[in-house]
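Throughout, protein chains are lettered first and strands after them, A, B, ... in sequence-line order, and every chain is numbered starting at 1.
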There are 2 protein chains.
Amino acid sequence: MTEAQKPGFSDCNNATLRRAARSLGRFYDDALGPSGLKSTQFGLLFQIHISDEPAMGTIAEALIMDLSALGHTLKPLIRDGYVETFADKDDRRVKRVRLTPRGEAKLDEALKLWSVAQRQFEEKVGAEQAAKLRAALDAVADLDLEMPMAAPSN
Amino acid sequence: MTEAQKPGFSDCNNATLRRAARSLGRFYDDALGPSGLKSTQFGLLFQIHISDEPAMGTIAEALIMDLSALGHTLKPLIRDGYVETFADKDDRRVKRVRLTPRGEAKLDEALKLWSVAQRQFEEKVGAEQAAKLRAALDAVADLDLEMPMAAPSN
DNA sequence: TCCAATTAGTGGCATATGCCACTTTTGCCG
DNA sequence: CGGCAAAAGTGGCATATGCCACTAATTGGA
């Protein structure tokens, strides 16, 4: 057991996941560097792009991220003019989001850089392996994990 | 292709990874909640625990995280008295880290909570699947990804 | 119709991470 | 031995994320 601490570093699924995320994140960030976008921003712009003027809550749900976190993350993108928001016509509580022309252009630019990193990665691990990994990650992300908390006895 | 945008959300390995990390992170964070530690802090304390008074750079390398980021993340733990640092005897540039008795105790407390989440997770996906996933993630994390940047021609 | 519960966001506060510019130590070499 | 490049951290600045307490709009009854 002289190597009990050698592996990734622990048996914690979460820690292992975060570690990989930091590593891969750095790689994609570097690739996107020239565009001035972080990989997270790129992902967010992309998600908005493929959606139809989604409501913030819809985006947050799709990306499994906290609604307020999404709001914060959106700020720099709005400030830089890549994204704009507007109230839903039927429900004024809802705020919808869309890319500005400038945002679409920036996304196009970033997509070119992203594809290089993506290809680079898939060459290393193999497209099929990558697809399997993504599938596994999606499965994990969508797991209905719930602490065995006291079932609301009432 | 009516579902081109339905899956996780994109083919980006990085985005998929981050999404899963947010999801799983929330789960482990909830589990660790009672201890007052975040899953990231738990992971950091654990890493320090299994190491032998590691230098900051050593920890950063093991966790594949930026050295300065580690420094920042360490602050609240130092502030709360779970960790302490001291200069290396031979190289005064090096700062070593160790858990305080209080930190060891807190880690023990957190370990109990963590194991519940860990078990819960492995019950859902299967211990073997989880192990495979961790292996895959470690492999990804340790990949020597490098932008095909101009190879230093010299 | 009017109020209680629910839904969608916002703002504030705190941690997580990175990059960059410095400062302090070392290590190395002429 | 003196000075320069490399190594290890620190601090500042900016984004990423979460939780919580609130506010504004809606919805669902009584």
- Query: Which atoms form the tightest heavy-atom contact between B:Ala60 and B:Leu70, and what is the distance?
  - Reply: N-CD2, 3.7 Å

- Query: Under the 3.5 angstrom rule, does the side chain of A:Thr100 hit a backbone N or O of A:Glu84 as a donor-acceptor pair?
  - Reply: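 Side chain of A:Thr100 to backbone of A:Glu84, a donor-acceptor pair under 3.5 Å: no, none is there.
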
- Message: If we ignore hydrogens and angles and just use 3.5 Å, is the side chain of A:Thr85 paired with the main-chain N or O of A:Arg96 as donor and acceptor?
- Response: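 No, because the side chain of A:Thr85 does not come within donor-acceptor range (under 3.5 Å) of the backbone of A:Arg96.
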
How long is the span from the [atom1] atom in [X] to the [atom2] atom in [Y], to the nearest 0.5 Å?
| X | Y | atom1 | atom2 | result |
| --- | --- | --- | --- | --- |
| A:Ser23 | B:Ile64 | OG | CD1 | 4.5 Å |
| B:Leu37 | B:Leu77 | CG | CG | 7.0 Å |
| A:Leu74 | A:Lys95 | CG | NZ | 7.5 Å |

Length of the line joining [X]:[atom1] and [N]:[atom2], which is rounded to integer Å:
| X | N | atom1 | atom2 | result |
| --- | --- | --- | --- | --- |
| B:Met56 | C:dT24 | CE | P | 18 Å |
| B:Glu61 | D:dA7 | CD | P | 12 Å |
| B:Asp90 | D:dA7 | CG | P | 18 Å |
| A:Arg96 | C:dG9 | CZ | C1' | 14 Å |

- Which residue pairs pass the side-chain hydrogen bond (donor to acceptor under 3.5 Å, both in side chains) test when at least one of the two sits in residues 69-81 of chain A, sequence neighbours left out?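 Every candidate side-chain hydrogen bond (donor to acceptor under 3.5 Å, both in side chains) pair involving residues 69-81 of chain A fails, so no pair, neighbours aside, qualifies.
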
Pairs: protein N or O with nucleotides 4-6 of chain C N or O, under 3.5 Å:
none

- So does B:Asp144 pair up with A:Lys124, basic N to acidic O under 4.0 Å? no

- When you check the phosphate oxygens OP1 and OP2 of D:dT26, does a side-chain N or O of A:Arg92 lie under 4.0 Å from one of them? yes

- Message: Regarding B:Gly71, tell me which of base, sugar-phosphate or nothing describes its non-hydrogen contacts under 4.0 Å with the strands shown.
- Response: nothing

- Query: Tell me, which pairs form a salt bridge (charged side-chain N to carboxylate O under 4.0 Å, His left out) where one or both residues lie in residues 53-70 of chain B, sequence neighbours left out?
  - Reply: B:Glu53-B:Arg98

- What salt bridge (charged side-chain N to carboxylate O under 4.0 Å, His left out) pairs are there with at least one residue in residues 106-116 of chain B, not counting sequence neighbours?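 Listed once each, the pairs are B:Lys106-B:Glu109.
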
- Query: What string of B, S and - do you get for nucleotides 12-20 of chain C, 5' to 3', when a contact is any protein heavy atom under 4.0 Å?
  - Reply: BB-SSBBBB

- Task: Please check if atom CD in A:Glu128 has more than 12 non-hydrogen atoms from other residues, nucleotides or ligands closer than 6.0 Å.
- Result: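 No - once you tally the heavy atoms of other residues, nucleotides and ligands closer than 6.0 Å, there are 12 at most.
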
- Query: Given axes from five pairs at either end, by how many degrees does the helix from C:dT1-D:dA30 to C:dG30-D:dC1 bend, rounded to 10°?
  - Reply: 10°

